[in-house]
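Single-structure report; data block below.
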Amino acid sequence: MIEKEISKIDKKIDRMRKRVKGVEDYKVANEVFDNSTLLTLYHFAKNGSIDTLHGVIKAGKEANVFLADDKNGRKIAVKIYMVTASDFRNMLKYIEGDRRFRGFHKNRRGIIYTWVKKEFKNLERAHDAGVMVPEPIAFRNNVLLMDFIGTNGKNAPMLKNIEVQEPEKILSDIIENYNKLYCRANLVHSDLSEYNILIKDNSIPYLIDFSQAVIREHPGAADFLNRDVKNLTRYFKKYFDVAEEEIYKRITLCG
Ligand SMILES: Nc1ncnc2c1ncn2[C@@H]1O[C@H](COP(=O)(O)OP(=O)(O)OP(=O)(O)O)[C@@H](O)[C@H]1O
Ligand SMILES: [Mg+2]
């Protein structure tokens, strides 16, 4: 009986391996597509959430983001966390103290899966609050599916990599989004910088990368918020005169 189950799983893994064969530009292939990840992807392939997995959008230290089509041809982003490469100690700092994730399993997999679930839940809250973020679609184990931010299959660049045309306007939009995140979604991003803001069509900022975001009651929330504000101030100072206190006030003023 068990043998039969294993052979079934092997077949699923094989099938999924063939599907991701086209993805040749990823760094450490076996590290990203280990058997357990292939099974998770197989689940999404079977229910139509993923039809074709295209190339990698960005290979990172802990996660790789891929472009994919769902069964209706909609472009989606597939974020796959590597179970082996993650900094668990750092993750714990942002999970413990957030009452939504009490009682998680404190082993490698338990931490990663909680991390992914947290990113999904945070994106959901932010999206419901009207913050410009990729709409979350689904999550399972170490894989998160979300809306693809880009135009004609080309991903929107990070704020860091563009020459900003109207910096005052962009900063103001970012602050407005953060104000919604803080006041309506009750969240602090906790890793906001020019790396985690994508600029669509040269003008629309999207906040991304929400795994470390915490509820405002988290004991570290005040420090994390201050750090986010400092990052924004530092970055926009190269364009015009920005006051840190002013940004802080506008983010935290809940009407
Ligand atoms: N929904 C999306 N649509 C388009 N591009 C995306 C999307 N999500 C992420 N990306 C791209 O992938 C990159 C990495 O994503 P993200 O910031 O969420 O991961 P990360 O946690 O920073 O990864 P690491 O820390 O391992 O480098 C982003 O800078 C962006 O270029
Ligand atoms: Mg990031």
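For ligands, and for the atoms within them, numbers begin at 1 and follow the listed sequence. Each residue takes its place number in the sequence, starting with 1.
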Do Leu181 and Tyr178 have side-chain heavy atoms sitting under 4.5 Å apart?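 Yes, side chains in contact.
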Under 4.0 Å, heavy-atom basis, I'd like to know which part of Met146 is in contact with ligand 1: side chain, backbone, both or neither. side chain
Considering only heavy atoms, does Asp209 approach ligand 1 within less than 4.0 Å through its side chain, its backbone, both, or neither?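 Both backbone and side chain.
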Is there a donor-acceptor contact under 3.5 Å from the side chain of [X] to the main chain of [Y]?
| X | Y | value |
| --- | --- | --- |
| Asn231 | Leu192 | yes |
| Arg140 | Thr40 | no |
| Glu62 | Asp87 | yes |

Check this for me, if you would: do Asp209 and Lys79 make a salt bridge, where the nitrogen-to-carboxylate-oxygen distance has to be below 4.0 angstrom? yes
Arg74 bridged to Asp147 by N-O distance under 4.0 Å: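 Judged by the 4.0 Å cut-off on N to carboxylate O distance, Arg74 and Asp147 do form a salt bridge.
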How far is [atom] from its nearest protein heavy atom, and which residue and atom is that?
| atom | result |
| --- | --- |
| atom 19 (O) of ligand 1 | Lys79 NZ, 3.3 Å |
| atom 25 (O) of ligand 1 | Lys61 NZ, 4.3 Å |
| atom 4 (C) of ligand 1 | Ile149 O, 3.3 Å |
| atom 15 (O) of ligand 1 | Val65 CG2, 3.7 Å |

Relative to the ring of Tyr94, is the ring of Trp115 parallel (under 30°), tilted (30 to 60°) or perpendicular (over 60°)?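 Taking Tyr94 first and then Trp115, their aromatic rings stand perpendicular (interplane angle over 60°).
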Please identify which atoms of ligand 1 are closer than 4.0 Å to at least one heavy atom of Gly60. 26 (O), 27 (O)
Atoms in ligand 1 with a heavy atom of Glu62 nearer than 4.0 Å: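 Checking each atom against Glu62, I get 26 (O).
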Do Arg234 and Ser193 pair up side chain to side chain, a donor and an acceptor below 3.5 Å, judged on atom types alone? no
Are side-chain N/O atoms of Glu244 and Asn226 paired as donor and acceptor at under 3.5 Å? no
[X] to ligand 1: N or O pair under 3.5 Å?
| X | value |
| --- | --- |
| Leu198 | no |
| Tyr81 | no |
| Glu119 | no |

With disulfide (SG to SG under 2.5 Å) as the rule and sequence neighbours excluded, what pairs involving residues 65-146 come up?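 Qualifying pairs: none.
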Count, waters excluded, of protein N, O or S atoms under 2.8 Å from the Mg ion (ligand 2): 2
Check each of Leu159, Asp147, Ile208 against atom 1 (N) of ligand 1 and report the one with the nearest heavy atom.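 Heavy atom nearest to atom 1 (N) of ligand 1 belongs to Asp147.
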Heavy atoms only: which of Ala63, Gly150, Pro157, Ala156 lies closest to atom 23 (O) of ligand 1?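 Closest candidate by heavy-atom distance is Ala63.
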